[in-house]
Amino acid sequence: MTWRSHNQIGGAGRGGGVRTQTKASSSHGHIPPPPSKRAPRPPPPPLRCSAPPVAQVRRRLDRGSSVRALPPVSTIDATDFSILSEEHTPSVTSSFLEKKSKHETRNLNMSSTIGGSLSVEFGCLRKHEVRRLSTRQGSGRMLSIRASVVSSPDTLELSKANAKQAEKMVRVGVLGASGYTGAEIVRLLANHPHFGITLMTADRKAGQSIGSVFPHLITQDLPNMVAVKDADFSNVDAVFCCLPHGTTQEIIKGLPKGLKIVDLSADFRLRDINEYEEWYGLPHKAPELQKEAVYGLTEVLRGEIQNARLVANPGCYPTSIQLPLIPLIKAHLIELRNIIIDAKSGVSGAGRGAKEAHLYTEIAEGLHSYGITKHRHVPEIEQGLSDASNSKITVSFTPHLMPMSRGMQSTIYVEMAPGVNTDDLYEHLNNTYQAEEFVRLLEKGVVPHTRHVRGSNYCLMNVFQDRIPGRAIIISVIDNLVKGASGQALQNLNLMMGFPEDTGLQYQPLFP
Ligand SMILES: NC(=O)C1=CN([C@@H]2O[C@H](COP(=O)(O)OP(=O)(O)OC[C@H]3O[C@@H](n4cnc5c(N)ncnc54)[C@H](OP(=O)(O)O)[C@@H]3O)[C@@H](O)[C@H]2O)C=CC1
Ligand SMILES: CC(=O)N[C@@H](CCC(=O)OP(=O)(O)O)C(=O)O
């Protein structure tokens, strides 16, 4: 019996899934693993940056005695767990376990609440990666384990693996670290096991420390921000470019050619540079790089992103809109005409720079429509939808500013194809995204709200029947700064560097 795991549902992380297995109890309460689990395993392949994770650790939980870590079957940072809390319902006993300090014993008294016997196999845990998995035992009891991995001091294999990991640390530059998306990159990388920030740039705030610009990041021991012109890229393997559009093309053109780049601006998103010039009112200054750029809508273009050097990270509105619409268009479930999109954004979507339209007095206590018929995300949305249909699609799109700091909702009105109903749309989206970590269809009838994704990389969506026959309403929500910007950018750089795409992104939403 297998359970859905982060890696199994995480796309590029599929290389190693977290699996759990339950077993019936023996008279001693000690159940040997099934024969297939006991067969000698081949020696572990070496850890490589570009390889999917290989480490596995197997633990066996025995009735009333202990949680025992079996010897690592491969190079692994092993850790232990202690009971964090227990929850009881008439049919379910849940034990929430958490990692013990790395110097504590591996034998933990599990108490009788666990019952039965359980073998839990964690695939591919990486240092500092946090996973949660649940398994229902034969008795109907539920065991939930929240695990993270730290260095285990007691195996030689382990320290070798750690040394290899350290060698492979990716040195990351954040250009525009004093802005909202740059700060969000710094926050996300604080828990990334393989990416370390070696360079940060700013413009007006050049020369300042991260703690002075963003006190919430004071705990991060990072270099001071420098102006781009003073940046030393000799210590950098990859950059997140979090700069305003228009300034980005020339800066990226001047970067060393060996760098991997994820550009969060709009400068490389439109394949047609004439279209860029028309919608952005600027000449394109790096058309040759435009040809190389890969559009970074991760769940749709994962294969191309993996091999890219320069990724154009999608805009926040286009992300929330294309994720539900592209699969429906590809499957011919909706008509290509009369797609109407009503979208709302938190004010952080506009960046940190002071603008009159974004003053508290302009934003609070009201709703602010803008960019009607001419928002610069229209060509980006239409490019993605047209690619999906192999024909030119046009949409009606109206964005709004909401009196909230972060969050984005797109409410999308579509006509269904003849003979198609909302159950068909639901089933198709469900099938499309069931293996994805970060895109989730809610249960039927449940309404996605921006508060359900705050601070996380999730896109939640659902489909509703309109009162007008043949029409459906799709609601999609993201956090504009995470899945709409820095989170998706990190997902992409993970892929480009050969790591599971969810690395460093396992944040649950902050609620309430
Ligand atoms: N905010 C969002 O939700 C999203 C933003 N994006 C895009 O990501 C990019 C960054 O956005 P965001 O972080 O919100 O923007 P901010 O305005 O908050 O930050 C901009 C950053 O760029 C620096 N900067 C400004 N002008 C220059 C320049 N001429 N040369 C070098 N550095 C400069 C700023 O430095 P300093 O502070 O020192 O002046 C700051 O670090 C933009 O292209 C934006 O459109 C994409 C998706 C969503
Ligand atoms: C609320 C707000 O102002 N949002 C921005 C879009 C944010 C975004 O995705 O920007 P890029 O396309 O530049 O990356 C806007 O409407 O221009």
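Predicted, not measured: the structure shown is a model, and the values here were computed from it. Index from 1, following the sequence. Every number for a ligand or one of its atoms is a count from 1 in the order of the listing.
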| Can the positive tip of Lys444 be found less than 6.0 Å from the middle of the six-membered ring of Tyr426, inside 45° of the ring normal? | yes
| request: Could you tell me whether some N/O pair between Gly176 and ligand 1 is separated by less than 3.5 angstrom? | output: yes
| said: When you compare the side chains of Glu299 and Gln491, does any donor N or O come within less than 3.5 Å of an acceptor on the partner? | reply: yes
| request: Please could you name the atoms of ligand 1 that Pro244 approaches to less than 4.0 Å, counting only its heavy atoms? | output: 22 (O), 24 (N), 25 (C), 26 (N), 43 (O)
| task | Quick one: do Val447 and Asn462 satisfy side chain to side chain contact (heavy atoms under 4.5 Å, CB included)? Show the steps, please. | result | CA-CA 7 Å; Val447 183; Asn462 216 338; over 6 Å; no
| field | Atom indices of ligand 2, in the order listed, that fall short of 4.0 Å to a heavy atom of Leu401 | value | 1 (C)
| message | Looking at atom 44 (C) of ligand 1, tell me if a protein heavy atom falls under 4.0 Å from it. | response | no
| task | Please determine, by modelled atom types, if Gln488 and Lys483 share a side-chain donor-acceptor pair under 3.5 angstrom. | result | yes
| query | Can you tell me if Glu380 and Tyr317 form a side-chain donor-acceptor pair at under 3.5 Å? | reply | no
| said: Can you name the atoms of ligand 1, numbered from 1 with element, that are less than 4.0 Å from a heavy atom of Gly351? | reply: 14 (O), 15 (O), 16 (P), 17 (O), 18 (O)
| query | Charged N to carboxylate O below 4.0 Å: is that the case for Glu275 and Arg269? | reply | no
| message | If you count heavy atoms of other groups shown closer than 6.0 angstrom to CD of Glu356, is the number above 12? | response | no
| request: Provide the number and element of each atom of ligand 2 under 4.0 Å from a heavy atom of Leu264. | output: 14 (O)
| note | atom 13 (O) of ligand 2: closest protein heavy atom, distance to 0.1 Å, is Arg376 NH2, 2.8 Å
| So which protein heavy atom does atom 9 (O) of ligand 2 come closest to, and at what separation? | Cys316 SG, 2.8 Å
| message | Show, in sequence, the C-alpha distance, side-chain angles and deciding distance for Asn313 and Asp263, and conclude whether the side chain to side chain donor-acceptor pair (under 3.5 Å) test is met. | response | CA-CA 6 Å; Asn313 215 54; Asp263 177 22; over 6 Å; no
| said: Checking a contact table here: which protein heavy atom is nearest atom 29 (N) of ligand 1, and how many Å away? | reply: Thr247 CG2, 3.5 Å
| remark: closest protein heavy atom to atom 20 (C) of ligand 1 is Cys242 O, 3.8 Å
| Tell me: protein heavy atom nearest atom 39 (O) of ligand 1, and distance? | Arg204 NE, 2.8 Å
| N or O contact, Gly349 vs ligand 2, cut-off under 3.5 Å | yes
| Whether His375 lies under 4.0 Å from ligand 2, heavy atom | yes
| request: Run the numbers for me: atoms of ligand 1, each under 4.0 Å from some heavy atom of Leu481, listed by number. | output: 1 (N), 2 (C), 3 (O)
| note | If we number the atoms of ligand 2 from 1 as shown, the ones under 4.0 Å from a heavy atom of Gly315 are 9 (O)
| Do any nitrogen or oxygen atoms of Val228 come within less than 3.5 Å of a nitrogen or oxygen of ligand 1? | no
| Atoms in ligand 2 with a heavy atom of Tyr370 nearer than 4.0 Å | 1 (C), 2 (C), 3 (O), 4 (N), 15 (C), 16 (O)
| message | Between the side chains of Arg406 and Asp479, is the shortest nitrogen-to-carboxylate-oxygen separation below 4.0 Å, so that they form an ion pair? | response | yes
| When you look for heavy atoms under 4.0 Å from ligand 1, do you find them on the side chain of Ser348, its backbone, both, or neither? | backbone
| Below 3.5 angstrom, do we get any N/O pair linking Glu380 and ligand 2? | no
| request: Tell me which part of Met402 gets within contact of ligand 2: side chain, backbone, both or neither, using heavy atoms under 4.0 Å. | output: neither
| task | Would you mind running through ligand 2 and noting each atom that sits below 4.0 Å from a heavy atom of His377? | result | 6 (C), 8 (C), 9 (O), 10 (O), 11 (P), 12 (O)
| query | Cut-off 3.5 Å, side chains only: do Arg471 and Tyr413 have a donor facing an acceptor? | reply | no
| query | In the protein, what heavy atom is nearest to atom 7 (C) of ligand 1, and what distance, to one decimal place, separates them? | reply | Leu264 O, 3.3 Å
| field | Protein residue, atom and distance nearest to atom 37 (O) of ligand 1, heavy-atom basis | value | Ser178 OG, 2.7 Å
| Hey, is Ala350 touching ligand 2 through its side chain, its backbone, both or neither, going by heavy atoms under 4.0 Å? | both
| Does one side chain, of His194 or Asn494, offer a donor that lies under 3.5 Å from an acceptor on the other? | no
| What protein heavy atom sits nearest atom 47 (C) of ligand 1, and how far off is it? | Gly484 O, 3.2 Å
| Per-atom contacts of ligand 1 with Arg352, taking only distances under 4.0 Å to non-hydrogen atoms | 16 (P), 17 (O), 18 (O)
| task | Flag the pair His284 / Phe268 as yes when their ring centroid distance falls below 6.0 Å, and as no otherwise. | result | yes
| At a 4.0 Å threshold, what atoms of ligand 1 neighbour a non-hydrogen atom of Ala485? | 47 (C), 48 (C)
| field | Working for side chain to side chain donor-acceptor pair (under 3.5 Å), residues Tyr360 and Glu365 | value | CA-CA 9 Å; Tyr360 178 84; Glu365 300 162 37; 4.6 Å; no
| said: So for atom NE2, which belongs to His216, do other residues, nucleotides or ligands contribute more than 12 heavy atoms lying within a distance under 6.0 Å? | reply: yes
| field | Over 12 foreign heavy atoms within 6.0 Å of NZ, Lys392 | value | yes
| field | Contact atoms of ligand 1, heavy-atom distance to Asn480 under 4.0 Å | value | 3 (O), 48 (C)
| request: Applying side chain to side chain donor-acceptor pair (under 3.5 Å), run through Asp342 and Thr411 and close with a yes or a no. | output: CA-CA 5 Å; Asp342 173 271; Thr411 306; 4.6 Å; no
| query | Do Asp387 and Arg271 sit within salt-bridge range, that is, some charged N less than 4.0 Å from a carboxylate O? | reply | yes
| request: List every atom of ligand 2 that sits less than 4.0 Å from any heavy atom of Ser345, numbering the atoms from 1 in the order shown and giving each element. | output: 1 (C)
| message | Could you check whether any heavy atom of Val347 sits closer than 4.0 Å to an atom of ligand 2, since that is the contact criterion I want to use? | response | no
| Nearest neighbour in protein (non-hydrogen) for atom 4 (C) of ligand 1 | Thr181 CG2, 3.7 Å
| query | Taking the six-membered ring for Trp, is the centroid-to-centroid distance between His375 and Phe397 below 6.0 Å? | reply | yes
| query | Only one of Tyr433, Phe438, Tyr507 forms a ring-ring contact (aromatic ring centres under 6.0 Å, His included) with Tyr458, so which one is it? | reply | Phe438
| remark: A student checking ligand 1 against Ser265 at a 4.0 Å heavy-atom cut-off should list atoms 43 (O)
| Is the shortest N/O to N/O distance between Tyr180 and ligand 1 below 3.5 Å? | yes
| message | Is the contact between His245 and ligand 1 made by the side chain, the backbone, both, or neither, using heavy atoms and a 4.0 Å cut-off? | response | backbone
| query | Are Glu436 and Arg302 within salt-bridge range, i.e. N to O under 4.0 Å? | reply | yes
| request: For atom 32 (N) of ligand 1, find the nearest protein heavy atom and state the residue, atom name and distance (0.1 Å precision). | output: Leu243 CD2, 3.5 Å
| task | Provide, to 0.1 Å, the distance between atom 14 (O) of ligand 2 and the closest protein heavy atom, together with that atom's residue and name. | result | Arg269 NH2, 2.5 Å
